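It should be emphasised that the depicted structure is a prediction, and the values quoted were computed from it without experimental measurement.
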Amino acid sequence: MTDITFHFIGWCNETDPDGTKHDKVWTAFSVGDRHYAGWGKRGKAISFKDYGGSYSAKREQERVTKQKRRKYDEVDEF
């Protein structure tokens, strides 16, 4: 069985000035040589994106993760 390696697990729990509440997670992980992202709201289904197994897929996942780190607080687990 191939191990899962988590690169980032983030949680956004904030309220916008207009009162809109956000309670969601975003993660970047790899399974073998394939790179993925997952996101969703608390209590809802998580959506996943398969970036693929190439070097450019890894770089794209890293680019998106860098953007998400600005908005999501890093946590240890879901």
Verdict with supporting geometry, Tyr51 and Arg34, side-chain contact (heavy atoms from CB on, under 4.5 Å): CA-CA 7 Å; Tyr51 285 95; Arg34 299 197 67 84; over 6 Å; no
Check against side-chain hydrogen bond (donor to acceptor under 3.5 Å, both in side chains), Thr65 and His7: CA-CA 9 Å; Thr65 300; His7 306 290; over 6 Å; no
Full working for side-chain hydrogen bond (donor to acceptor under 3.5 Å, both in side chains) between Asn13 and His22: CA-CA 5 Å; Asn13 185 20; His22 301 277; over 6 Å; no
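Between Lys41 and Asp23 no salt bridge is recorded (no basic side-chain N to carboxylate O distance below 4.0 Å).
Pairing each heavy atom of Gly38 with each of Phe48, the nearest pair is CA-CD2, 3.8 Å. The two atoms that bring Cys12 and Lys71 nearest to each other are SG-CE, 4.1 Å, heavy atoms only. In this structure, Val31 and Ile4 approach most closely via the heavy-atom pair CG2-CG1, 3.8 Å.
Here NZ of Lys24 is found 13.5 Å from CZ of Arg42. Values are rounded to the nearest 0.5 Å. Atom-to-atom distance recorded for Lys68:NZ and Arg70:CZ is 11.0 Å, nearest 0.5 angstrom. For the atom pair Glu14 CD and Tyr72 OH, the distance stands at 9.0 Å (nearest 0.5 Å).
The closest side-chain heavy-atom distance from Lys49 to Trp39 is below 4.5 Å.
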Would you be so kind as to tabulate the donor-acceptor pairs closer than 3.5 Å made by side chains of residues 56-64, with sequence neighbours excluded?
residue: Ser56; atom: OG; partner: Ser54; partner atom: OG; Å: 3.1
residue: Arg59; atom: NH1; partner: Glu62; partner atom: OE1; Å: 2.9
residue: Glu60; atom: OE1; partner: Arg63; partner atom: NE; Å: 3.1
residue: Glu60; atom: OE2; partner: Arg63; partner atom: NH2; Å: 2.7
residue: Gln61; atom: NE2; partner: Phe29; partner atom: O; Å: 3.0
residue: Gln61; atom: NE2; partner: Tyr36; partner atom: O; Å: 2.7

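For Asp16 (side chain) and Asp18 (main-chain N/O), no donor-acceptor pair under 3.5 Å exists by modelled atom type. Within the 3.5 Å criterion, the main-chain N or O of Phe8 finds a donor-acceptor partner in the side chain of Thr27.
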